[in-house]
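The shown structure was predicted, so the numbers you read here are calculated from the model rather than taken from an experiment. The chains referred to below are lettered A, B, ... by the order of the sequence lines, with proteins before strands, and numbering in each begins at 1.
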Protein chains: 2
Amino acid sequence: MTHNNPPFPSADHDHKNCVSHALKNAEAYCQQQGLRLTKLRHQVLELIWANHQPVGAYELLDQLTHEGRKAAPPTVYRALDFLMENGLVHRISSRNAYVGCSNAGHEHTAQFLICESCGQVAELDNAQIGSVIAKGANQLGFTVAQWTLEISGTCDQCKHRSQDE
Amino acid sequence: MTHNNPPFPSADHDHKNCVSHALKNAEAYCQQQGLRLTKLRHQVLELIWANHQPVGAYELLDQLTHEGRKAAPPTVYRALDFLMENGLVHRISSRNAYVGCSNAGHEHTAQFLICESCGQVAELDNAQIGSVIAKGANQLGFTVAQWTLEISGTCDQCKHRSQDE
DNA sequence: ACTGTAATGTTATATTGTAACATAATGCAG
DNA sequence: CTGCATTATGTTACAATATAACATTACAGT
Ligand SMILES: [Zn+2]
Ligand SMILES: [Zn+2]
Ligand SMILES: [Zn+2]
Ligand SMILES: [Zn+2]
């Protein structure tokens with residue numbers, strides 16, 4: 001069986017599939033919510049997914065330019081703002097980079113596993129982590145609005161790969 | 001009884017006390033570890049504590065300059081690097097800002113409560129959060145090297161303050 | 001087609017962080 | 001104490017990330 005929210009994708013997976021799946025999801029979600037997933041926004045989202053690891057704004061800008069679009073920093077940042085506001089993209093603030101959301105549509109605060117070796121990121125949605133955090137904060141009278149958890153380390157595949165050497 | 005690791009300091013606390021306490025701690029720690037807490041590093045650490053909320057590198061640079069020291073960006077960043085490497089200061093990456101560590105000396109990965117209203121930050125060291133995170137990651141075969149948790153919201157005092165209006 | 005709104009283009013600039021090399025301070029061996 | 005190696009700081013220039021402000025274009029609804 002396939003995992004419902006696969007952690008790190010295997011090296012040999014069909015990545016075009018990931019991208020098109022994410023895009024279809026996003027299209028449906030925006031349709032349903034009356035959001036305007038314009039050509040630019042669609043293009044940026046596609047690039048983000050195509051990179052399939054956290055990608056910087058200026059890197060996206062380059063890629064947009066190579067695809068023939070006239071773009072300047074605000075072009076990218078505005079698209080990113082839209083995508084983030086609507087939960088289609090997350091920002092990894094420890095890296096100044098952006099990544100597609102694996103659980104778009106259902107309200108969540110994400111947690112990220114960031115592999116220092118291969119650069120890939122897995123998005124968790126571990127309810128237990130969320131509830132422990134909420135509990136810890138509430139004990140101090142703190143009302144949580146949002147939070148980000150960014151975990152660096154080594155993913156399973158990279159661990160095995162390094163053992164083979 | 002007072003909490004061993006007080007969350008948000010009360011508005012009327014004697015803050016000079018906080019600062020001098022933190023500095024004495026840092027001095028003792030560096031002495032003991034054979035680390036060179038030079039005048040510059042001491043000065044930067046003092047400024048960070050004096051602000052008593054996350055403060056940006058360029059803000060520190062201004063403050064240093066106003067204290068009469070010749071300083072440029074690398075001056076500040078190098079001092080920050082030293083202080084972070086040795087666990088005396090943490091970086092709040094969601095804000096590009098730096099804050100004094102409340103638990104300097106004992107190895108830990110910190111968690112931050114950031115009040116959006118007053119700007120203050122409380123450092124937690126909640127072992128339960130740490131263990132849930134480790135567990136969640138290990139289940140996926142991920143080896144955790146480090147992590148940061150930054151929680152935004154409203155602190156207890158600000159909640160009460162807003163009720164009074 | 002007309003019109004108000006939202007999106008994008010465009011230019012300039014702000015903010016945050018580093019590279020690279022010169023000088024000065026510090027600690028230590030002799 | 002003196003010279004030497006190491007570490008820290010000064011200095012200049014620049015890279016990387018992000019936003020402000022205003023002009024133009026596309027779009028949706030009438
Ligand atoms: Zn994929
Ligand atoms: Zn990996
Ligand atoms: Zn204080
Ligand atoms: Zn507050």
### Message
Working note: B:Gln139 + A:Asn126, criterion side-chain hydrogen bond (donor to acceptor under 3.5 Å, both in side chains); need CA distance, chi angles, decisive distance, verdict.
### Response
CA-CA 11 Å; B:Gln139 275 172 1; A:Asn126 183 320; 5.1 Å; no
### Task
For each nucleotide in nucleotides 14-30 of chain D, reading 5' to 3', give B when a protein heavy atom comes within less than 4.0 Å of its base, S when such contact involves only the sugar-phosphate, and - otherwise.
---BBBBB-----S---
#### Entry: Residue list, side chain to side chain contact (heavy atoms under 4.5 Å, CB included) with A:Ser94, at least two apart or on another chain
A:Ile92, A:Ile114, A:Glu150, B:Ser93
### Task
May I have the distance from B:Leu61 (atom CG) to D:dT9 (atom P), rounded to whole angstrom?
15 Å
### Message
For a 4.0 angstrom threshold against heavy atoms of chain A, report the outermost contacting nucleotides of DNA chain C in 5' to 3' order.
### Response
C:dA6 to C:dT11
### Task
Please confirm whether the backbone N or O of B:Trp49 pairs with a side-chain atom of B:His15, one donor and one acceptor, at under 3.5 Å?
yes
### Query
Would a hydrophobic clustering, with Ile, Leu, Val, Met, Phe, Trp and Tyr connected at side-chain separations under 4.5 Å, put B:Leu45 with B:Met84?
yes
### Query
Is B:Tyr98 reachable from B:Leu37 through a run of I, L, V, M, F, W or Y residues, each pair having side-chain heavy atoms under 4.5 Å apart?
yes
### Task
Decide if atom NE2 of B:His13 counts as having more than 12 heavy atoms of other residues, nucleotides or ligands within a radius under 6.0 Å.
yes
### Query
Per the side-chain contact (heavy atoms from CB on, under 4.5 Å) rule, which among B:Glu67, B:Glu59, B:His66, B:His42 passes with B:Leu47?
B:Glu67
### Task
Check side chain to side chain donor-acceptor pair (under 3.5 Å) between A:Asn25 and all other residues, then give those that pass, not counting sequence neighbours.
none
#### Entry: Within one Ile-Leu-Val-Met-Phe-Trp-Tyr cluster: A:Val132 and A:Trp147, side-chain cutoff 4.5 Å
yes
### Task
Please give the angle, rounded to 10 degrees, between the axes at the start and the end of the helix from C:dA1-D:dT30 to C:dG30-D:dC1, where five pairs define each axis.
30°
### Message
For the CD atom on B:Gln32, are there more than 12 heavy atoms of other groups (residues, nucleotides or ligands in this structure) within a distance under 6.0 Å?
### Response
yes
### Message
Before you tell me yes or no, could you show the steps for A:Leu140 and B:Phe8 under side-chain contact (heavy atoms from CB on, under 4.5 Å), namely the whole-Å CA-CA distance, both residues' side-chain angles and the distance that decides it to 0.1 Å?
### Response
CA-CA 9 Å; A:Leu140 299 173; B:Phe8 287 87; over 6 Å; no
### Query
Do any of residues 63-72 of chain B sit with a heavy atom less than 4.0 Å from DNA chain D, and if so which?
B:Arg69, B:Lys70, B:Ala72
### Message
Has A:His52 got a side-chain atom pairing as donor or acceptor with A:Val19's backbone, closer than 3.5 angstrom?
### Response
no
